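Remember, it's a predicted structure, so these values are computed and weren't measured experimentally.
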Amino acid sequence: RELMGLKIWKDFRPTHRYGLGGDVAEGLGLDSSASAIIDFTPNPAEVVATYESNQIPPDMLGHEFKRQGELYGSPILGVESNSMGYATISALKEIYPEDNIYRRTREDVLTGKVSKEFGWKTTSKTKPDIIYQLKYAVENGEVAIWDKDLLNELKHYTTNDLAVSEMKEGMTRHFDKLMALAIAWEMRNQIVAPKEVHSYKPDWSDGGNRIISVQPSTAKHVVVKPDW
């Protein structure tokens with residue numbers, strides 16, 4: 001069902017643990033702001049809700065993420081802090097439990113001082129990292145996805161991902177739902193203690209272009225670190 005733009009596949013269960021990931025658009029009418037909510041309690045984990053809009057302003061998006069979070073017990077919320085994301089996070093800090101807003105560790109290169117900053121920072125290093133983590137989870141049956149539009153983004157993501165070259169109905173232009181899901185999947189490390197660490201080398205198929213392929217199988221839950 002759909003509730004004010006939020007597509008819902010599974011309702012909130014009080015004994016379950018959830019994570020919400022949010023990707024903030026660069027500007028109105030361009031790419032989309034998106035979110036994904038994952039229930040980490042079942043095995044496999046389940047994407048229980050998704051959202052996208054290219055019309056909502058970044059400050060109002062904070063209120064939208066709050067609404068979505070409250071439907072699932074105000075879980076840990078990871079919001080991309082790049083560009084317009086700062087406005088979204090500023091709004092959230094006023095209306096959402098601060099302890100449930102993801103904070104990253106930052107070390108000052110000059111002083112060596114370590115601090116905590118709100119929001120997920122997407123960089124040339126963190127982006128492939130979380131995409132590889134998600135790729136592994138999808139290919140090994142660790143997360144169930146019911147949103148066919150999100151599955152299309154997974155299947156069509158390539159390393160040259162500045163824009164979608166082959167648009168399918170329901171897909172966001174810059175893989176925004178895919179990024180929201182990748183951030184949401186990263187939130188598992190904030191609420192679930194890792195049991196095992198495996199090294200992982202990405203499988204560059206399609207001549208080194210496509211890095212996402214959906215091949216359902218079964219595997220126990222693991223935390224994966226790319227072998228750089």
Side-chain angles (χ1 to χ4, degrees), residues 1-25 28 31-81 84-104 118-120 130 134 137-138 142-154 170-172 175-192 221:
R1 76 180 192 277
E2 188 168 327
L3 181 63
M4 297 176 65
L6 181 69
K7 297 176 182 177
I8 297 174
W9 282 270
K10 296 288 183 71
D11 290 321
F12 173 63
R13 299 182 66 177
T15 59
H16 286 207
R17 292 179 290 184
Y18 296 86
L20 193 161
D23 182 71
V24 183
L28 293 182
D31 52 349
S32 295
S33 292
S35 64
I37 301 174
I38 299 177
D39 182 352
F40 292 107
T41 299
N43 187 12
E46 297 179 319
V47 180
V48 295
T50 58
Y51 169 88
E52 76 274 350
S53 171
N54 64 356
Q55 295 298 321
I56 187 168
D59 55 340
M60 293 306 299
L61 184 62
H63 292 266
E64 174 59 32
F65 286 164
K66 172 182 180 287
R67 177 184 75 88
Q68 296 174 16
E70 288 180 340
L71 291 173
Y72 288 90
S74 298
I76 183 71
L77 197 169
V79 179
E80 186 182 35
S81 61
M84 300 295 185
Y86 286 104
T88 303
I89 292 171
S90 294
L92 279 168
K93 288 165 63 177
E94 300 295 326
I95 59 177
Y96 199 79
E98 280 199 5
D99 288 344
N100 290 358
I101 303 175
Y102 170 81
R103 302 185 197 196
R104 68 188 184 276
F118 286 99
W120 174 268
I130 62 174
L134 179 61
V138 171
E142 294 181 22
V143 56
I145 302 172
W146 316 112
D147 186 337
K148 64 180 179 62
D149 299 329
L150 180 52
L151 285 171
N152 271 331
E153 291 195 20
L154 284 164
M171 288 173 59
T172 53
F175 300 96
D176 307 302
K177 273 202 293 190
L178 171 59
M179 283 305 301
L181 177 60
I183 295 171
W185 182 245
E186 186 66 19
M187 294 302 103
R188 76 197 185 282
N189 295 322
Q190 308 300 312
I191 60 173
V192 180
H221 176 79

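Heavy-atom contacts from other residues, nucleotides or ligands closer than 6.0 Å to CZ of R104 number more than 12.
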Would I183 and E80 count as a side chain to side chain contact (heavy atoms under 4.5 Å, CB included) here? Give the steps. CA-CA 8 Å; I183 295 171; E80 186 182 35; 4.1 Å; yes
Any chance you could lay out the side chain to side chain contact (heavy atoms under 4.5 Å, CB included) test for L134 and I130, step after step, and finish with the verdict? CA-CA 6 Å; L134 179 61; I130 62 174; over 6 Å; no
Audit row: D39, K10, side chain to side chain contact (heavy atoms under 4.5 Å, CB included) steps and yes/no: CA-CA 9 Å; D39 182 352; K10 296 288 183 71; over 6 Å; no
Go through the steps for V47 and W9 under the test side chain to side chain contact (heavy atoms under 4.5 Å, CB included), then give the verdict. CA-CA 8 Å; V47 180; W9 282 270; 5.9 Å; no
Using the side-chain hydrogen bond (donor to acceptor under 3.5 Å, both in side chains) rule, take N100 and S74 through it: C-alpha gap first, then chi angles, then the decisive distance, then the call. CA-CA 7 Å; N100 290 358; S74 298; 5.6 Å; no
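The pair E153-K177 fails the salt-bridge criterion, with no side-chain N (NZ, NE, NH1 or NH2) lying under 4.0 Å from an Asp/Glu carboxylate O.
For the pair L181 and I38, the minimum side-chain heavy-atom distance is below 4.5 Å. Inter-residue side-chain proximity for K93 and I101 is flagged as met; some heavy-atom pair is nearer than 4.5 Å. Side-chain contact between W146 and K7: absent, with no pair of heavy atoms (C-beta onward) separated by less than 4.5 Å. Two residues are said to be in side-chain contact when any heavy atoms from C-beta on lie closer than 4.5 Å; N54 and D176 fail this criterion.
In this structure, F175 CZ and N152 CG are separated by 10.0 Å, a value rounded to the nearest 0.5 Å. To the nearest 0.5 Å, the span separating CD on E64 from OG on S53 amounts to 8.0 Å. For the atom pair F65 CZ and I95 CD1, the distance stands at 11.0 Å (nearest 0.5 Å). Once rounded to the nearest 0.5 Å, the distance linking CG of L154 with CG of D149 reads 11.5 Å. For the atom pair L61 CG and S33 OG, the distance stands at 4.5 Å (nearest 0.5 Å). Atom CH2 of W120 is separated from atom CG of D23 by 12.5 Å, given to the nearest 0.5 angstrom.
Taking the six-membered ring for Trp and thresholds of 30 and 60 degrees, Y72 and F12 have ring planes more than 60 degrees apart, a perpendicular arrangement.
Under the 3.5 Å distance criterion, the side-chain polar atoms of T41 are matched with a main-chain donor or acceptor of R17.
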